[in-house]
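One structure is given here, and the rest of the page talks about it.
Sequence lines set the chain letters: A, B, ... in the order given, protein chains first and strands last, and positions in each chain run from 1.
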Amino acid sequence: MAKFQFYPLDLTYKVVNGKPIIYIFGKTTDGQQICVLDDSFEPYFYVIPKAGADIKDKLTAISAEKDNESYHITRVESEKMKFKEKEIDALRCFTNVPRAVPALKDIIYDWDSVESVNEYDIRFVRRYLIDKNITPLTLVNVEGDIVPEKLKVPAIKAKSIEQFSEDTVKNLKILAFDIETYGEVGRRIAPEKNPILMIALYGENFKKIITWKKFKTEEDVEVLPSEADVIQRFQELVDEYKPDVIAGYFSDGFDFPYIRTRAKKYKLKMDIGLDYSEIRIGRGAQKTAQVTGIMHFDVFKFIKRAVYKTLKTDVYTLDAVSEEILGEKKIDVDMSRLSPAWDETSDELGLFAKYNLHDARLTYKLCLNLIPNLFELVKVVGQMPYSINRMSFSQFVEWYILRQVKSLKEIAPNRPGYNNQMARQAKRLKGAFVFEPTPGLYKDIIVFDYKSLYPTIIASHNISPGTVNCSCCEGKNKAPVDMIDAWFCTKKRGFASSIIEDLITRRSRIKEMLKEKDDVLLNARSQTLKDMANSFYGYLGFSAARWYCYECAESILGWARQYIHKVIDQAKEQGFDVLYSDTDSVFIRLKDKTKEDAVKFVEKINMDLPGVMELEYQGFYPGGIFVSTKAGESGAKKKYALIDDKNNVKITGFETVRRNWSFIAKDVQKEVITRILKEQNADSAVDYVKKVIADLKEGRIPVEKVSIRTQLSKDIDEYDNVGPHVAAAQRMKSKGLVVGPGSMITYVVTKGKGRIRDKVKLPDEIKQGDYDAEYYIDNQIIPGVERIFSVVNVKKEELMGKGSQSKLGSFI
DNA sequence: ACCTACCGGGG
DNA sequence: GTGTACGGTAGGT
């Protein structure tokens, strides 16, 4: 009997001789790939019978048959459980095989004696991880014997298996890959028709390109006789490299499905799974690709679902994402040349090989960069990396709750059906409170904000789907909301509030540790815990959630509005001037008060706050500007700029960050804000704008600065209204360039009469100064700064040198 | 304004 | 495989 420890990486199950066996692929402490088999886990689901109904015998009698497999309930156990945090009697029905669960549930569902059937849709391996309390990627103890099994790694049949510690797997072997395919850019991608031309692989001390045509190149290219050989070789290389992680960029939806389609055409078996299974492509609108035993990391999916919030970019192309995260772009090639170059066997293919390998390298680096975040999510949520990679935040919360409530004997509610979801969506939430600013230039601003406002409200007011409107506490702990009556139990702790309190305290501990020493993994963990806590409010109000709770979500918002009002009202009472407030923050002006008064104010507020709630003194700003909305007098929400005491200017919500503005307009807006805040008046900003206008008129602004970039969203012919960017795209097409949906169009508006679209030219078509200065002044520069200047009483005419000098405003 | 259909990423 | 997305928005009505 061998005893050892290993880190689980990937799980699957198989039914052998009518019995389900869990296969846990992982790595031992000395770095060996192995598979641990566990046949001790039984599938089950819950039936909640109507009061007094005795249906045990009736349940054990049912059976079903499908695909020559018979399904039945092996035994039924009565259990004292909870449902929505209330005690109930439940029947736990064990079945012979996992597939029996959904099949049998359909039979039982509409029995009169049954209240509900639950937990029939929790996949077997996920159930296993939850019930066995095993956390993937962390150290697990195993006792067992080596058994013969048709696998690429040694198999051990477990006698016992149990979680040992939080120690996390290190030094995983990662292999990134990328394919290039034949086909006309802009046309539908057709894997059944067009061949794979080359495949690049990239790992630590490993890079290779495989292809089936010979061309001149500096890279390590292996040339094979045919496409089928390339696919075969890809498989061999993966087998030889033995990666723990195989990474691609949108490989769920493109690379793997493409490879599989091509392999099928040549009747090749893509059995790269460690159990000799083929790549499994999930059907449905959104594809997935799973490789047994190897963690398939689709970098794109992870970014789009779990990382997007921390990124500025709103397009998730490999190019944009690499630039932001790694500071590195893709190699700029003309993709429309790939297929012609292939047909001609031109040496241009050398550049495409380089491009191919570079993409694989970027994917590899992104993978290294994001793995700490993925792994921390795996450890917090407790599901395997493959699953976590494909989940969004509401699912993280749901699977986290499922794991946490296991020990509380809480039966999970079922996911809502379509109609139920629609009904939930119809109930709108009231929203957060915004105190609209009066446009102006202000000095001595203090910003307060509630630390984790929504999570701390949930924890402090015991908000949970099972504590709402309890029979024991009516009238106490009542939410400040108009539309509904909602109060929350003051006697028994709800699971949502205790889970969230746990997340908050765990994060505080990590923060303390981080103060001692900075650490990538700890930072990732802190971020994960924060994201999880912040997602709870959204989860409770999410129509597809198992633990959806409208009263909870509405109450959280009600309390949030009340707590922010409290700060606003008391600040006014204390003689501060309230400038602006949004959701969880309040901006005030000191007037005749001091910073110390503001600090004392925060302390006073905190004395009255319940539980873990806390108002923070976020910072002091010597100056700030709030501008008006397009429409009228009131100040725009989420659009302001502040300058701190180190002269750093922080701009929020202005167009400076928007893509479809010319650089000159963005530069000018930023410079105007900065000058006004730094110099505490508008004089220098006015001079600056006048100078830019003069430069524009005299053609001194470089072409790049007057270029406007817009992304094409569909084919050129599909546009009914030919806007300037469409006109530019037409010019590009007429020059033989291929443009289609997603193409970035860069254009300049040039001098001349008539419509804008007739004056559009491409940047390389024009000479210095050959742009329409009036257009740029009227449609780019002025709109960007007009509302900023109106705050300080500067009229548009004055900037353009027409009007008379008005009285300039300054700080108040 | 509201509703529905389609798109994203990849070549 | 004890499940199948989802959130945004363009375009039509």
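Rounded to whole Å, the C1' atom of B:dG10 lies 25 Å from the corresponding atom of C:dG3. Here, C:dT2 and B:dG8 have their C1' atoms 30 Å apart, quoted to the whole Å. Between the C1' atoms of C:dG8 and B:dG9, the separation comes to 15 Å (whole Å).
Looking at every heavy atom in both residues, A:Asn389 comes nearest to A:Asp298 through OD1-N, 2.8 Å. Considering every non-hydrogen atom in both A:Glu324 and A:Lys312, the closest pair reads OE2-N, 2.7 Å.
A straight line from CE of A:Met391 to C1' of C:dG7 spans 18 Å, rounded to a whole angstrom. Distance, A:Met422 CE to B:dT4 P: 10 Å, rounded to whole Å. Going from atom CD of A:Gln383 over to atom P of C:dG3 covers 15 Å, rounded to whole Å. Look at OH on A:Tyr249: it is 11 Å from C1' on B:dG8, rounded to the nearest Å. Across the protein-nucleic acid pair, A:Arg126 atom CZ and C:dT2 atom C1' stand 11 Å apart, rounded to whole Å. If you take NZ of A:Lys309 and P of C:dG8, they are 11 Å apart, rounded to a whole angstrom. In this entry the distance linking CZ of A:Phe542 with C1' of C:dG7 reads 10 Å, nearest Å. A straight line from CZ of A:Arg305 to C1' of C:dG8 spans 14 Å, rounded to a whole angstrom.
Remark: A:Phe300, A:Lys304 in residues 290-304 of chain A come within less than 4.0 Å of DNA chain B through at least one heavy atom.
Both the sub-6.0 Å distance and the 45° axial angle are not jointly satisfied by A:Lys304 relative to the ring of A:Tyr316. For the pair A:Arg403 and A:Tyr400, the cation-pi test (distance below 6.0 Å, angle within 45°) is failed. By the 6.0 Å and 45° rule, A:Lys150 stacks over the aromatic ring of A:Tyr276.
Nearest nucleotide to the side chain of A:Asp121, out of B:dG11, B:dG9, C:dG3: C:dG3. For A:Ser392, the listed nucleotide lying nearest its side chain is C:dC6; candidates were C:dT2, C:dC6, B:dG11. The side chain of A:Thr317 lies closest to B:dG10 when the candidates are B:dG10, C:dT2, B:dG11. Which of C:dC6, B:dG11, C:dT2 sits closest to the side chain of A:Arg127 comes down to C:dT2.
Between A:Glu278 and A:Arg260 there is no salt bridge, since none of the side-chain N atoms of the basic residue sits less than 4.0 Å from a carboxylate O of the acidic one. Salt-bridge annotation for A:Glu42 and A:Arg127: absent, with no side-chain N of the basic residue lying under 4.0 Å from a carboxylate O of the acidic one. Between A:Lys309 and A:Asp531 there is no salt bridge, since no side-chain nitrogen of the basic residue lies less than 4.0 Å from a carboxylate oxygen of the acidic one.
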Could you go through residues 352-362 of chain A and list every donor-acceptor pair under 3.5 Å that involves a side-chain atom there, pairing it with any protein atom two or more places apart or in another chain?
| residue | atom | partner | partner atom | Å |
| --- | --- | --- | --- | --- |
| A:Tyr355 | OH | A:Lys330 | NZ | 3.0 |
| A:Asn356 | OD1 | A:Ala200 | N | 3.3 |
| A:Asn356 | ND2 | A:Asp178 | O | 3.2 |
| A:Asn356 | ND2 | A:Asp178 | OD2 | 3.1 |
| A:Asn356 | ND2 | A:Glu180 | OE2 | 3.2 |
| A:His358 | ND1 | A:Arg361 | NH2 | 3.4 |
| A:His358 | NE2 | A:Lys329 | O | 2.9 |
| A:Asp359 | OD2 | A:Lys330 | NZ | 3.0 |
| A:Arg361 | NH2 | A:Glu328 | OE2 | 2.4 |

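Regarding contacts with the backbone of B:dG11, a side-chain N or O of A:Lys330 is found under 4.0 angstrom from either OP1 or OP2. Considering only side-chain N and O atoms, A:Tyr71 lies nowhere under 4.0 angstrom from the phosphate OP1 or OP2 of C:dT2.
If you check every strand for non-hydrogen atoms under 4.0 Å, A:Asp178 touches sugar and phosphate atoms only. Among the protein residues, A:Tyr316 comes within range of the sugar-phosphate backbone only, with heavy atoms under 4.0 Å from sugar or phosphate atoms but none that close to a base. Within 4.0 Å of A:Leu318, counting heavy atoms only, lie sugar-phosphate atoms of the nucleic acid but no base atom. Counting any heavy atom pair closer than 4.0 Å across all strands shown, A:Tyr258 reaches no nucleic acid atom. Within the 4.0 angstrom heavy-atom criterion, no nucleotide atom of any strand lies near A:Asn356. Using a 4.0 Å heavy-atom cutoff across all strands shown, A:Pro102 reaches sugar-phosphate atoms only and no base atom.
No donor-acceptor contact under 3.5 Å links the side chain of A:Arg390 to the base of C:dG3.
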